[in-house]
Amino acid sequence: MANLSPEWQAMSKLVSQFYAKADAEPFREPVDWQALGLFDYPQVIKKPMDLGLVKKKLNEGKYKTIHDAADDIRLIWKNCMAYNADGSDFYNLAQTMAKRFEEKFEKLCSQNDVGGYSGEGGHIEEPTIEDKRAFAKSLYKITKEELGKVITDLETKCPKALVKNSAEDEVEINVDNISAVIFNEIVDYVNSCAGVGGSGSSVGAGRKKKVVKRARQS
């Protein structure tokens, strides 16, 4: 680690910290779906991921940016929440881990002056008020299943953007709390759905919570 830049050293340390957590035990190694009798797992989870593999890829220098490593870590929680029922112990654990990770990763980026990566070597600008309004309107053009995927992605990558009303079993999106990087990803997905007439997505389908098709600014 001595030859690594500060942000890569910090990222490696963060992954090791999560790997060492007692409640991270289910996420350290690949899910042994055959031994567990989870024979539908390969059909539901198309890209398995675990903390051990992330550590290995980090040590071998397989990631171009720390954001790429962060996306693989997010995939771990996302896979768990996609396979397990909303409200189950594993779902809740993954949701808690996702929230902890985003808090730590945001702090890491801030301390090491790491901005949002656009995927093309540049930085992403903060969305304007017009961008946020356009995003809010676009939510009315997608299906319930597609909206479910938006909510699932936000639960994993930016949980602070969701405002939950347990009494009415509703979830509301606070656009102002979505980071620029995640906002860009979500907008691209929503626009692609609207562009093809809302073909639907299996991710997020069958969720128990009712999702409110609106977004607000704080």
Go through Ile173 and Ile178 one step at a time and tell me if the side-chain contact (heavy atoms from CB on, under 4.5 Å) criterion holds. CA-CA 9 Å; Ile173 300 172; Ile178 305 177; 3.9 Å; yes
Side chain to side chain, Leu108 and Ile66, heavy atoms closer than 4.5 Å: yes
Take Tyr19 and Glu25 through the side-chain hydrogen bond (donor to acceptor under 3.5 Å, both in side chains) test and state the conclusion after the steps. CA-CA 8 Å; Tyr19 187 91; Glu25 193 274 333; over 6 Å; no
Any side-chain heavy-atom pair of Met11 and Phe105 under 4.5 Å: yes
Report the C-alpha distance between Glu103 and Lys107 in whole Å, list the side-chain angles of each, state the deciding distance to 0.1 Å, and finish with yes or no for salt bridge (charged side-chain N to carboxylate O under 4.0 Å, His left out). CA-CA 6 Å; Glu103 291 172 349; Lys107 184 177 180 180; over 6 Å; no
Minimum heavy-atom distance between Val190 and Ser138, given as atom pair plus value: CG1-OG, 3.2 Å
Distance, nearest 0.5 Å, that separates CZ of Arg74 from CE of Met49: 13.5 Å
Minimum heavy-atom separation for Ala10 to Asn112, with atom names? CB-ND2, 3.9 Å
Minimum heavy-atom separation for Val187 and Phe135, please, with both atom names. CG2-CD1, 3.8 Å
Please examine the side chains of Glu155 and Tyr91, heavy atoms only from C-beta on, and report whether any two atoms are closer than 4.5 Å. yes
I'd like to know if the side chain of Asp131 reaches the main chain of Thr128, judged simply by a donor and an acceptor atom lying under 3.5 Å from each other, with no hydrogens or angles considered. yes
Test Leu147 against Leu139 for side-chain contact (heavy atoms from CB on, under 4.5 Å), laying out the working first. CA-CA 7 Å; Leu147 185 62; Leu139 293 180; 4.0 Å; yes
Roughly how far apart are Lys104 NZ and Lys99 NZ, rounded to 0.5 Å? 13.0 Å
Roughly how far, to the nearest 0.5 Å, is the CG atom of Leu58 from the CG atom of Leu14? 9.5 Å
Please report the interatomic distance CG(Asp188) to CG(Asn184), rounded to the nearest 0.5 Å. 5.0 Å
Can any side-chain N or O of Ser88 pair as donor or acceptor with the backbone N or O of Asn84 at less than 3.5 Å? no
Is Met81 linked to Tyr83 within one hydrophobic cluster, defined over Ile, Leu, Val, Met, Phe, Trp and Tyr using a side-chain heavy-atom separation of less than 4.5 Å? no
Tell me, do Leu36 and Tyr41 make a side-chain contact under 4.5 Å, heavy atoms counted? no
Side-chain touch Pro42/Trp33, heavy atoms, less than 4.5 angstrom: yes
Surrounding NZ of Lys57 (heavy atoms of other residues, nucleotides or ligands, distance under 6.0 Å), is the total greater than 12? yes
Thr143 side, atom OG1; Glu146 side, atom CD - distance, nearest 0.5 Å: 3.5 Å
Checking Lys21 now: which residues fulfil side-chain contact (heavy atoms from CB on, under 4.5 Å) with it, not counting sequence neighbours? Phe18, Asp23, Ala24, Met97, Arg100
Do other residues, nucleotides or ligands put more than 12 heavy atoms under 6.0 Å from the CD atom of Glu106? no
Verify ring pair (Phe, Tyr, Trp, His ring centres under 6.0 Å) between Phe27 and Trp77, making sure each step is shown before the conclusion. CA-CA 8 Å; Phe27 309 111; Trp77 324 134; 5.1 Å; yes
Value rounded to 0.5 Å, distance of SG in Cys193 from NZ in Lys141: 12.5 Å
Checking side-chain contact (heavy atoms from CB on, under 4.5 Å) for the pair Gln9/Lys13: CA distance, chi angles, key distance, verdict? CA-CA 6 Å; Gln9 292 186 43; Lys13 182 178 179 181; over 6 Å; no
Nearest heavy-atom approach of Asp72 to Lys47 is OD1-NZ, 4.0 Å
Side-chain contact test, heavy atoms from C-beta onward, threshold under 4.5 Å: evaluate it for Cys80 versus Gln95 and give yes or no. no
Between Gln34 and Asp32, is the side-chain contact (heavy atoms from CB on, under 4.5 Å) condition met? List the steps. CA-CA 6 Å; Gln34 290 178 311; Asp32 192 351; 4.2 Å; yes
Contacts of Asp50 that satisfy salt bridge (charged side-chain N to carboxylate O under 4.0 Å, His left out) - sequence neighbours left out: none
Distance-only polar pair, side chains of Asp153 and Tyr189, donor-acceptor under 3.5 Å: no
Where the side chain of Ser12 meets the backbone of Trp8, is there a donor-acceptor pair that is under 3.5 Å apart? no
Is Val31 close to Ile45 at the side-chain level, that is, under 4.5 Å between some pair of heavy atoms? no
Min side-chain heavy-atom separation Leu53-Lys55 under 4.5 Å: no
Between Ala82 and Val44 the two heavy atoms that sit nearest each other are O-CG1, 4.2 Å
Using the side-chain contact (heavy atoms from CB on, under 4.5 Å) rule, pick out the option among Asn177, Asn174, Ile186 that qualifies with Leu154. Ile186
Closest non-hydrogen atom pair, Lys132 against Pro127: CE-O, 3.9 Å
